[in-house]
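Encoded as structure tokens, the structure appears first; notes follow it.
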Amino acid sequence: MNPVPEISGTQSTTRRQSSKFQPEMPHNAALAAGVSTPWDKPIQPIVRPFLTYAEQYQKEEEHRTIANAIKERARVQQLLRKQPSIVRLDVQYKASVLEKEQGTQRAEAFLSKTFVDRILPRVNLVTERYQIQEVEADNALYMARFNRIPDMSREDLELLANDITEFVTQKLQAVADDILPEESDLKRAHVLYMRAAAITKAYRQDAPCWDKLTGRFFDEKQAIAAISRMTLDKWWLGRLRRLAAEWREHLQIAINRVSKKASTYASKTAISEWKEQKCRTKDFIKSMELEDEEGNRVSLIDKYYGSVANPVIRRTEMMVRIRGFENICNELGYVAEFYTLTAPSKYHATTRHGHRNRKWNGSSPADTQQYLSSLWAKIRSKLHRNNLRIFGIRVAEPHHDGTPHWHMLFFMQPDQAEQVRDIIREYALQEDRHELKTAKALKARFHAEKIDPEKGSATGYVAKYISKNIDGYAMDGELDDESQRPMKEAAIAASTWAGRWRIRQFQFVGGAPVTVYRELRRMADHDVAMGLSVEFAAVHDAADNGDWANYINAQGGPFVRRDDLVARLWYETQQETNAHGEDVIRIKGVFSPLVGMDTPILTRLKSWKIVPKLAEAIAEVGVSGAPAPPRSSVNNCTGGVWYGQWQ
């Protein structure tokens with residue numbers, strides 16, 4: 001075996017260095033060996049310094065969307081800022097709730113879609129009915145303030161009333177200066193009245209005595225009294241307060257805050273204000289007394305509880321009257337029918353499920369009541385032309401959104417019932433008849449029901465409607481159909497609704513006047529009534545006994561004309577006039593036209609005035625020890641302008 005030759009140190013080092021150098025393999029060999037080579041890496045594309053057309057368009061679209069969203073958000077916020085606080089706060093609250101529960105995008109969608117497309121048009125319908133657009137150039141400031149009435153406080157309304165009064169006075173003074181001296185007083189009164197009425201109408205108010213004074217006869221004295229009212233800040237303040245209350249409530253209806261989903265019949269704010277007003281009124285009544293000419297005093301609160309202002313007495317009297325009508329119906333062999341009359345859908349702000357009604361034309365409950373009243377006037381005229389006589393009661397009550405509808409209980413001859421029913425149905429279905437395509441829609445507009453005496457009395461049938469709209473008496477365990485709340489709560493809301501919109505809830509059709517009935521009950525002397533006439537005594541005795549049926553029969557029956565009444569009211573003109581120069585006419589007694597109005601029976605022998613309670617008056621005086629002077633019944637308002645200043 002051959003030995004390994006030794007290698008020197010220099011040769012060994014050279015060999016190790018040469019072993020580190022590896023020659024690059026050919027490309028095919030590298031592929032075969034699976035080795036990555038520098039030229040085998042992917043080539044990176046050249047980066048373009050500019051965007052492509054597609055990228056540029058996409059980027060511009062993103063910027064445009066953001067800019068439009070910002071612009072739309074600003075537009076919505078600008079529209080929202082222009083709205084009354086009632087609308088603005090409600091919308092902002094709903095948007096904040098949506099943002100908290102579902103995110104910012106959902107809240108912005110509510111503002112841009114629901115508010116702008118659905119809520120705002122309804123609010124604009126209401127705003128157009130109250131705001132003024134065009135007034136005289138020098139009254140532009142008053143116009144801007146007038147259009148902010150929904151947000152005004154009581155103090156702001158007082159200032160506005162004072163300013164409008166001053167403006168009307170200035171304009172009338174300028175008109176008076178232009179009237180020629182040779183013009184008659186009648187001509188002067190006519191020119192001044194028409195000018196004051198024009199300004200009053202520009203401020204969305206009805207001019208006093210407009211229908212009478214613009215008819216066939218112009219009464220100078222009546223015109224002077226009307227001018228006096230239109231130049232009195234107290235008169236304007238009362239009108240502006242009423243306008244503000246109706247305007248706010250109408251906006252609550254527009255934003256769906258008066259419905260079965262929120263508050264039935266009236267808004268929560270209106271109900272709260274109604275309760276507060278009742279408390280203030282009762283506190284005032286408790287602090288006052290009635291005083292006659294001789295200084296005798298009686299408690300005012302006792303008189304209140306004993307009058308028809310007391311809901312209990314009011315309800316009881318109506319039940320007595322309707323029961324008396326039913327007794328007359330049974331005596332005459334008449335039949336009773338119950339009708340329900342509803343306005344077309346365009347008068348309803350919300351649907352029966354509580355959603356916004358797209359057909360709503362912006363009508364208020366007062367507008368709907370006016371529609372039903374005009375409809376009833378046509379029906380009554382048609383019944384009179386066809387010699388169809390009816391008597392009974394009409395009850396106006398609200399739907400859940402405040403829209404009124406009527407329930408009517410009428411008594412009539414059996415052979416005329418079908419004619420009466422057809423006439424009422426004919427007029428009830430005239431307007432918007434195209435929407436009455438189903439039996440359900442027809443029944444919703446007009447429904448008639450015969451009263452079967454075997455199933456129950458007519459009085460019992462209508463009793464729940466009377467109780468529901470007054471105090472909810474004897475309905476403790478029942479729930480309201482609209483709100484599903486206790487009847488007593490529904491009665492408060494219904495009373496609030498009637499007071500806010502000045503809607504007459506109950507009206508009797510036919511019969512003799514109830515005022516005469518109440519006045520006769522003030523006199524309990526049968527001999528005095530008999531001394532006037534036997535017929536008069538029969539009327540008095542029936543009223544004194546609370547027998548409405550006999551009272552109606554003694555007066556002449558359920559269809560008696562006013563000129564044929566046996567007993568009527570007797571009025572007396574007072575010596576003093578009121579603050580507007582008008583004669584003060586008060587009820588003083590009753591008389592019988594059969595005997596003559598020269599021999600009346602006085603039922604009000606004393607004149608009373610409201611004064612503070614004596615103990616409280618002395619406490620107000622303090623150490624002086626003298627009682628405070630009683631409040632005068634004369635209107636002591638100052639600052640009013642009367643016709644004589646322009647003569």
Side-chain angles (χ1 to χ4, degrees), residues 86-87 89-90 93-94 118-119 122-123 126 245-278 311 315 340-369 371-372 395-407 444-445 447 462-506:
I86 293 175
V87 179
L89 295 177
D90 183 77
Y93 172 76
K94 292 179 179 178
R118 299 180 182 179
I119 299 177
R122 293 164 61 90
V123 173
V126 175
E246 293 182 358
W247 195 340
R248 295 187 187 108
E249 188 69 5
H250 206 169
L251 287 172
Q252 297 274 20
I253 293 175
I255 62 177
N256 209 19
R257 301 303 298 170
V258 181
S259 67
K260 61 174 54 179
K261 289 189 173 182
S263 177
T264 53
Y265 306 152
S267 65
K268 295 179 180 178
T269 303
I271 295 175
S272 177
E273 292 175 354
W274 183 85
K275 292 180 179 178
E276 182 182 354
Q277 179 62 41
K278 287 295 182 182
R315 171 178 44 78
T340 301
L341 195 62
T342 308
S345 61
K346 63 185 179 184
Y347 291 95
H348 297 257
T350 63
T351 64
R352 63 188 184 91
H353 299 292
H355 303 296
R356 285 181 289 268
N357 180 21
R358 298 180 182 272
K359 298 180 180 180
W360 185 50
N361 61 3
S363 296
S364 68
D367 298 328
T368 309
Q369 178 73 3
Y371 160 77
L372 294 174
V395 180
E397 68 171 6
H399 286 293
H400 67 99
D401 62 347
T403 306
H405 62 285
W406 285 9
H407 297 296
R445 181 75 66 84
H447 177 61
V462 78
K464 65 176 183 179
Y465 296 102
I466 295 177
S467 179
K468 174 185 174 182
N469 288 276
I470 295 182
D471 56 2
Y473 173 77
M475 305 180 77
D476 294 335
E478 299 186 30
L479 299 179
D480 180 33
D481 295 336
E482 297 279 359
S483 61
Q484 297 302 313
R485 299 184 66 84
M487 278 296 187
K488 290 189 179 296
E489 296 183 14
I492 293 176
S495 299
T496 303
W497 165 82
R500 179 54 51 94
W501 295 107
R502 294 176 292 136
I503 291 178
R504 185 176 181 180
Q505 293 176 281
F506 310 99

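Side-chain atoms are counted along with the backbone in the values below, which use heavy atoms only and exclude waters and symmetry mates. For clarity, every value in this text was computed on a predicted model and none was experimentally measured. Positions are given from 1 along the sequence.
Between Ile503 and Pro365, the shortest heavy-atom distance links the atoms CD1-O, 3.9 Å. Of all non-hydrogen atoms in His400 and Lys260, the two that sit nearest each other are ND1-N, 3.1 Å. Residue Thr342 comes nearest to Ala444 through the heavy atom pair OG1-O, 3.0 Å, listed as atom of the first residue, atom of the second, then distance. Taking all atoms of both residues into account, the shortest heavy-atom contact from Ser259 to Gly354 is OG-O, 4.3 Å.
A donor-acceptor pair under 3.5 Å links the side-chain atoms of His250 to the main chain of Gly362, judged by distance alone.
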Carefully, step by step, assess Lys261 and His355 under the rule side chain to side chain donor-acceptor pair (under 3.5 Å).
CA-CA 9 Å; Lys261 289 189 173 182; His355 303 296; 3.2 Å; yes

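Listed by chain and residue number, nothing satisfies the salt bridge (charged side-chain N to carboxylate O under 4.0 Å, His left out) test with Arg352 (two or more places apart in sequence, or in another chain). In this structure, the salt bridge (charged side-chain N to carboxylate O under 4.0 Å, His left out) partners of Arg315, at least two apart in sequence or on a different chain, are Asp471.
The closest side-chain heavy-atom distance from Trp406 to Gln369 is below 4.5 Å. In this structure, the side chains of Ser272 and Thr269 stay at 4.5 Å or more apart for every pair of heavy atoms.
The aromatic rings of Tyr465 and His407 sit tilted, their planes meeting at an angle between 30° and 60°.
Checked by atom type, the side-chain pair His348/Lys359 shows no donor-acceptor distance below 3.5 Å.
Using a 4.0 Å cut-off between charged side-chain N and carboxylate O, Glu273 and Arg500 make a salt bridge.
Partner of Tyr265 under the side chain to side chain donor-acceptor pair (under 3.5 Å) criterion, out of Thr496, Asp480, Thr403: Asp480 alone.
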